[in-house]
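Both ligands and their constituent atoms are indexed starting at 1 by order of listing. Nothing fancy with the numbering, it's 1 onward along the sequence.
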Amino acid sequence: MNKNSESPVGVFDSGVGGISVLREMVKLLPGEDFIFYGDSENAPYGTKPAREIRELTLHSCRELRSQGVKALVIACNTATSAAIVTLRETFTDIPVVGIEPALKPAVHIKERPRVLVMATPGTVAGDKYRHLEQQYAKDAQVISLGCPGLMEFVERGELDSPALDDYLEKLLAPYRGKVDDVVLGCTHYPFVKRAVSRVIGEGVPILDGSGGTARELKRRLAASGLLRERESGGTVVFEGGVARKEELCQKLLREED
Ligand code: DGL
């Protein structure tokens, strides 16, 4: 499928979480058109075996590529971990940008900080994450916490509720007062950042990889001569299972960080 600078950018996530990355890309590249494909029907990915995640991701990305996207952004830590190698081998003619937990900025906030990484069970169990953890093991004490069930709150649009506070209290209470910063290693989690902050302690910095991923997309488009000239007027289309949650998608896209 031919591509040029006027072609859209394809963005993939298992559900609505990747909209936390999409909103950063829209801010940074307001002239670009985006097709956001969220596979809510098969979500959650984070509790599935890597092989199944790879197949589902490949299937959705083929759908995006068939629509002529000029680049693919995998706005999902779990899918990046399981499938980025296969995706880069499959789509050799376009930039394929992934996301991983933002450990790099998190370990630099002080001398040997204690960093709590919240991610899906699939991400923390993957080889890719193990390598990342090893890379920073001498600079920080990294605590990796799989959070099964957390993405479902965001999929339901439940960003602030007593049930969410209860869930987070059970999960995070053991770490309160014991960590220097928190990394949100799943793209759904930035939408519950306020609730996480309330539970872990308001002064604790909370980081995620969405801004870095948006900047990486811009660099890769520029390097391939695929950046669009215009500076406004870009569009966003929602496809896949999330198309049935258009109202929630639009709300999340407008949600302030
Ligand atoms: N949004 C995804 C991530 O960044 C995963 C959510 C899921 O499907 O479990 O890891």
Side-chain angles (χ1 to χ4, degrees), residues 10-25 36-61 64 72-84 87 96-103 106 116-130 132-133 144-159 164 167-168 171 182-193 196 206-214 216-217 238-242 244-245 248-249 252-253 255 257:
V11 185
F12 171 75
D13 181 36
S14 61
V16 298
I19 298 172
S20 63
V21 183
L22 177 66
R23 69 181 168 180
E24 294 303 317
M25 297 190 290
F36 181 92
Y37 193 105
D39 191 20
S40 285
E41 269 156 19
N42 292 301
Y45 277 23
T47 47
K48 288 184 166 56
R51 188 197 157 119
E52 194 179 342
I53 298 168
R54 209 157 31 243
E55 279 163 11
L56 289 168
T57 304
L58 196 55
H59 179 80
S60 301
C61 289
L64 279 168
L72 273 171
V73 178
I74 310 307
C76 177
N77 294 264
T78 311
T80 298
S81 167
I84 197 79
L87 293 171
V96 179
V97 177
I99 187 167
E100 62 181 16
L103 265 175
L116 178 67
V117 180
M118 298 171 66
T120 67
T123 296
V124 297
D127 288 344
K128 200 167 185 295
Y129 182 76
R130 211 171 5 262
L132 189 69
E133 230 182 353
S144 308
L145 183 63
C147 309
L150 182 51
M151 71 79 82
E152 285 86 339
F153 282 93
V154 180
E155 285 293 308
R156 289 195 293 274
E158 195 177 332
L159 309 185
L164 175 63
Y167 171 96
L168 289 172
L171 191 74
V182 176
V183 172
L184 302 178
C186 166
T187 56
H188 282 70
Y189 303 169
F191 292 117
V192 292
K193 186 172 169 179
V196 170
I206 302 181
L207 309 163
D208 68 69
S210 55
T213 305
E216 176 65 7
L217 171 66
F238 291 102
E239 292 185 356
V242 300
R244 292 211 207 95
K245 308 187 194 187
L248 174 61
C249 292
L252 295 177
L253 190 57
E255 185 89 359
D257 184 18

Positive for side-chain hydrogen bond (donor to acceptor under 3.5 Å, both in side chains) with T78, one of T123, T47, T187, T57: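 The option that passes is T123.
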For ligand 1, which atoms have a heavy atom of [X] less than 4.0 angstrom away?
X	answer
Y45	7 (C), 8 (O), 9 (O)
C186	1 (N), 2 (C), 3 (C), 4 (O), 5 (C), 6 (C), 10 (O)
N77	3 (C), 4 (O), 10 (O)

For the 3.5 Å polar cut-off, considering only N or O atoms, please tell me whether [X] and ligand 1 meet it.
X	answer
T47	no
H188	yes
G46	yes

Interatomic distance, L168 atom CG to F153 atom CZ [nearest 0.5 angstrom]: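 It comes to 7.0 Å.
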Donor-acceptor contact below 3.5 Å, side chain K245 vs main chain G15: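 Such a contact is absent between K245 side chain and G15 backbone.
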Sub-4.5 Å side-chain heavy-atom contact between V192 and Y167: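 No, every pair of side-chain atoms sits at 4.5 Å or beyond.
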Residue of the set D13, I99, T80 for which side-chain contact (heavy atoms from CB on, under 4.5 Å) holds with I74: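 By the side-chain contact (heavy atoms from CB on, under 4.5 Å) criterion, I74 pairs with just one of D13, I99, T80: T80.
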Heavy atom of the protein closest to [atom] (residue, atom name, distance):
atom	answer
atom 2 (C) of ligand 1	C76 SG, 3.2 Å
atom 10 (O) of ligand 1	T78 OG1, 2.6 Å
atom 6 (C) of ligand 1	S14 OG, 3.4 Å

Side chain, backbone, both or neither: the part of D13 lying under 4.0 Å from ligand 1 by heavy atom: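 Just the side chain.
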Test: R51 and E55 ion pair at under 4.0 Å: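 Salt bridge present between R51 and E55.
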Polar side chain donor-acceptor pair, N77 to Y129, under 3.5 angstrom: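 Their side chains do not contain a donor-acceptor pair, so the 3.5 Å distance test is not met.
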